[in-house]
Amino acid sequence: MKILANDGISKAGQDALEAKGFEVITAHVAQEQLENYINNNGIEVLLVRSATKVRQPLIDATNLKIIGRGGVGMDNIDVDYARNKGIQVINTPASSSQSVAEFVMAHLFSIVRHLHNANRTMPLEGDSNFNGLKKVYAKAIELRGKTMGIIGFGRIGIEVIREAIGLGMNILVYDKFPATHDIELEFFDGQKVNFTITSVDFDEVITKADFISLHVPAQNGYILGEKEFAKMKDGVIVINTARGGVVDEKALVDAIEAGKVAGAALDVFENEPTPEMGLLMNEALSLSPHIAGSTNEAQDRIGTELAAQIVEIYGK
């Protein structure tokens, strides 16, 4: 059986599949050429990340048995349509949670300590304006004792809560399905501490949090727009590593210019892969190219989890 890992797969995942007799092809095929490639090469399993789209026309034109998404969200796949045609659709919802959570904190540290700007200006002015930069970037804040607002109480949201608790932060979390979770923190010496966290109303999160991080699937509309920004505390920081389109980018920039929002971190954008230049040049933003879940460890977990599911489906 042939597998096309069109957006790549870790060596660990590829080795696990090849050990069971699958042929794994890792060449990237352009979207418009995908149909012909799958049909001409007898591909039964198509593995993708966020780049490749698997829509109804491609599903109808091929004889795929499995579509696998390396990661959490499957908004680039017509999941229900594929399943109604008898195609197995799989993903790896837990594989990158830790990577995303650490990435959220990395962006947050970068903003509150002005590292995102210091790294831009030091190569340009570090030799001529060292003391001036020192004065500007010394106006920083600490995270301990501040309130972390989290929108989305799923796997990633829970991992972000763990990171924030470890830093001594207060937690407010909202989910459209109210829930209570027991969250365990395990330390290097084997000690474990349990915290019980219960979700609260949306308005409580956005009005009381010092920092707001989104962890939700793709939406039909904005979760944070002009009305929501107006309700937030002055000086709030917003982090979006979830999906482009859940934050109104124009309203965000307006809120920054008005002094309501002190800064924001964006790993995802409304227009990918060509974000608005106004965002890219905005000094209040800490930016990255949709890499929150991309660590070596996460890629290994994604590959091996996909491999295990495929092996189980084929009964090997």
Side-chain angles (χ1 to χ4, degrees), residues 7-10 12-13 47-51 68-77 90-112 115-116 143 148-167 169 171-176 179 181 183-186 195 197 199 205 209 211-219 223-224 237-247 263-270 272-273 275 285-306:
D7 297 330
I9 187 172
S10 69
L47 303 181
V48 302
R49 294 291 308 272
S50 59
R69 164 69 160 92
V72 182
M74 295 197 289
D75 43 289
N76 57 321
I77 302 171
I90 59 177
N91 69 335
T92 60
S95 57
S96 59
S97 299
Q98 181 64 41
S99 299
V100 176
E102 291 185 8
F103 195 76
V104 167
M105 304 315 294
H107 262 304
L108 186 52
F109 274 117
S110 180
I111 294 176
V112 299
L115 294 177
H116 64 302
L143 300 183
M148 186 73 170
I150 295 164
I151 299 175
F153 208 0
R155 292 179 179 89
I156 296 174
I158 288 173
E159 289 300 330
V160 174
I161 289 172
R162 286 195 176 100
E163 298 289 334
I165 290 174
L167 289 167
M169 303 179 75
I171 304 297
L172 287 174
V173 58
Y174 163 79
D175 196 276
K176 66 178 180 178
H181 290 296
I183 297 177
E184 181 181 83
L185 269 67
E186 184 174 358
F195 297 83
I197 305 292
S199 60
V205 174
F211 317 112
I212 298 173
S213 186
L214 293 101
H215 304 286
V216 295
Q219 309 284 312
I223 290 178
L224 298 183
I237 290 172
V238 175
I239 305 138
N240 184 18
T241 58
R243 284 290 183 271
V246 299
V247 175
L266 300 178
D267 184 55
V268 289
F269 302 86
E270 291 189 63
E272 289 188 28
L285 298 179
S286 179
L287 304 171
S288 52
H290 203 150
I291 54 172
S294 299
T295 62
N296 294 335
E297 293 86 351
Q299 297 311 305
D300 281 346
R301 288 191 295 267
I302 287 170
T304 54
E305 286 180 30
L306 284 174

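Computed from a prediction, not measured in an experiment: that's the story for all the values here.
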Correct closest heavy-atom pair for Leu285 and His116 would be O-CD2, 3.3 Å

Do any N or O atoms from the side chain of Glu102 and from the backbone of Val100 form a donor-acceptor pair under 3.5 angstrom? no

So CG of Leu266 and NE2 of His107: to nearest 0.5 Å the spacing works out to 8.0 Å

Are the side chain of Arg69 and the backbone N or O of Gly73 linked by a donor-acceptor pair below 3.5 Å? yes

Taking all non-hydrogen atoms of both residues, which atom of His215 and which atom of Ala242 are closest, and how far apart? CA-CB, 4.1 Å

What one should report as the nearest heavy-atom pair of Val238 and Leu214 is CG1-CD1, 4.1 Å

Straight-line distance of Phe103 CZ to Ile156 CD1, nearest 0.5 Å: 12.5 Å

Taking C-beta and beyond as the side chain, do Asp75 and Pro217 meet within less than 4.5 Å on heavy atoms? no

Closest non-hydrogen contact found for Asp300 with Ser10 is OD1-CB, 3.5 Å

State, with a plain yes or no, whether a side-chain heavy atom of Glu163 is found less than 4.5 Å away from one of Gln98. yes

Considering non-hydrogen atoms only, spot the tightest contact between Ser286 and Ser110 and give its length. OG-OG, 3.8 Å

Test side chain to side chain contact (heavy atoms under 4.5 Å, CB included) on Arg162 and Ile183 and set out the steps. CA-CA 7 Å; Arg162 286 195 176 100; Ile183 297 177; 3.5 Å; yes

Mind running side chain to side chain contact (heavy atoms under 4.5 Å, CB included) on Val112 and Phe211 for me, showing each step along the way? CA-CA 10 Å; Val112 299; Phe211 317 112; 4.0 Å; yes

Look at the side chain of Arg301 and the backbone N and O of Ser95, then say whether any donor-acceptor pair between them is shorter than 3.5 Å. yes

Measure the CD1-OG1 distance between Ile9 and Thr304 for me, rounded to the nearest 0.5 Å. 9.0 Å

Could you check Asn240, Leu224, Val268 and say which one makes a side chain to side chain contact (heavy atoms under 4.5 Å, CB included) with Val246? Asn240

Shortest non-hydrogen contact from Ile171 toward Ala164: CD1-CB, 3.6 Å

When rounded to the nearest 0.5 angstrom, what distance separates CZ in Arg155 from NE2 in His181? 10.0 Å

Please check: side-chain N/O of Thr241 versus main-chain N/O of Asp267, any donor-acceptor pairing under 3.5 Å? no

To the closest 0.5 Å, what do you measure between OG (Ser213) and CD1 (Ile237)? 11.5 Å

Rounded to the nearest 0.5 Å, what's the gap from CZ on Arg49 to NE2 on His290? Could you check? 8.0 Å

Could you walk me through whether Tyr174 and Ile150 satisfy the side chain to side chain contact (heavy atoms under 4.5 Å, CB included) test, starting with their C-alpha distance in whole Å, then the side-chain angles of each, then the deciding distance to 0.1 Å, before giving a yes or no? CA-CA 6 Å; Tyr174 163 79; Ile150 295 164; over 6 Å; no

Say whether, by atom type as modelled, one donor and one acceptor occur between the side chain of Ser199 and the main chain of Ala179 under 3.5 angstrom. yes

